[in-house]
Asker: 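Here's a structure for you.
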Amino acid sequence: MRIGELAATVGVTTRAVRHYHHLGLLPEPERRANGYRDYTLRHAVVLARIRRLTELGLGLAEVRDVLADDAGRELVEVLGELDEDLARQESAIRERRARLRVLREDARRGLLPAEGPVSPELTALFGKFGPVPPGSPMAAKDREVFALLETTAPPEVRAELLAGLEAMMASPGAVERAHEAYALLDDLVDADLDDPRVDEAARLLADLIPAELIPADLDLGLGTGTSTSTSTSTSTSTSTSTSTSTSGPDARGGGNSAFLRAFFADFAPAQAEAIRRTFRILTEDRR
């Protein structure tokens, strides 16, 4: 058989046959006097086996190992690993479908947050805070930051974030005070740094945020002199983002400064000053 006939017989392309030759998976016959290669039944048998193995999901490196083991021990081992991997994928797919069912039901009932999809835990906490106050950019941004942190934080930091929010919500009047803080911070968007409302917002935030969420080595100078800050959870989310950053490869204490600068730079100077004062109050309370 010529290469095209072999490929057609097994149901693959001639390009695949040449690729298998190149990788050493399929022996390459010598050329005959007429310049063509003459493939035998043995080549078809091996090529068909390669096709079956790849259809099972084996990579070509694994196929090579299987073909090299005449006793078949490698095949048993590889198939076992493949089965375990497929089982993990099945489990992940079941979890994703269960999550999708919850999201679809939330959407049907009008409960899907604008920042979604987020975890059921964060969705529930957003529900406790109530709808985003109309016309409050700070409240909307706050939720976006929480969704960002939940996505990027390591599991232990994510758990800390959710626990911190739960602790905030357990305080009587927390929702009302959070909305008051949002309104204050929104009003600071065009304010001067010496505006008395800066200190008022800082003290209100400090009453809301659990002090243990603020890292002891937080660099309070970040963002100074630039457009910076965050919102009610902003303090919570900033502290959590700091924890997230310090878990990264370039942690040097006080958080990943590049991340925090970008985080702070999304807000106005007076808002940033209110957050820095909040952090100072909370870090002093921990001493």
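Model, not experiment: these values are computed from the prediction.
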Asker: Please answer whether the main-chain N or O of Tyr36 pairs with a side-chain N or O of Arg32 as donor and acceptor at a distance below 3.5 Å.
Answerer: no
Asker: Okay, side chain of Glu273, backbone of Val198: is any donor-acceptor separation there less than 3.5 Å?
Answerer: no
Asker: Whether the side chain of Ser119 engages the backbone of Leu122 through a donor-acceptor N/O pair (distance < 3.5 Å, no angle test) should be reported.
Answerer: yes
Asker: Ignoring hydrogens and geometry, is there a side-chain-to-backbone donor-acceptor pair from Asp38 to Met1 under 3.5 Å?
Answerer: yes
Asker: Hey, are Ser171 and Arg177 close enough side-chain-wise for a donor-acceptor pair under 3.5 Å?
Answerer: yes
Asker: Salt bridge check, Asp266 against Lys141: does any charged N sit closer than 4.0 Å to a carboxylate O?
Answerer: yes
Asker: Charged N to carboxylate O below 4.0 Å: is that the case for Asp207 and Arg203?
Answerer: no
Asker: Using the ring of each side chain (for Trp, its six-membered ring), is His19 parallel, tilted or perpendicular to His22, with breaks at 30° and 60°?
Answerer: parallel
Asker: Would you indicate whether the side-chain heavy atoms of Ile275 and Gln271 approach each other to under 4.5 Å?
Answerer: no
Asker: Answer yes or no: is there a donor N or O on one side and an acceptor on the other, between the side chain of Arg51 and the main chain of Val12, under 3.5 Å?
Answerer: no
Asker: Would you call Arg101 and Glu105 a salt bridge, taking side-chain N to carboxylate O under 4.0 Å as the test?
Answerer: no
Asker: Is there a donor-acceptor contact under 3.5 Å from the side chain of Asp186 to the main chain of Ser136?
Answerer: no
Asker: Would you say the side-chain atoms of His179 pair up with the backbone N or O of Glu176, donor to acceptor, closer than 3.5 Å?
Answerer: no
Asker: Would you call Arg37-Glu28 a salt bridge at under 4.0 Å N-O?
Answerer: yes
Asker: Does the pair Glu150/Arg143 count as a salt bridge with the N-to-O cut at 4.0 Å?
Answerer: no
Asker: Taking Phe126 as the starting point, is it possible to reach Tyr182 by hopping between hydrophobic residues whose side chains are less than 4.5 Å apart?
Answerer: yes
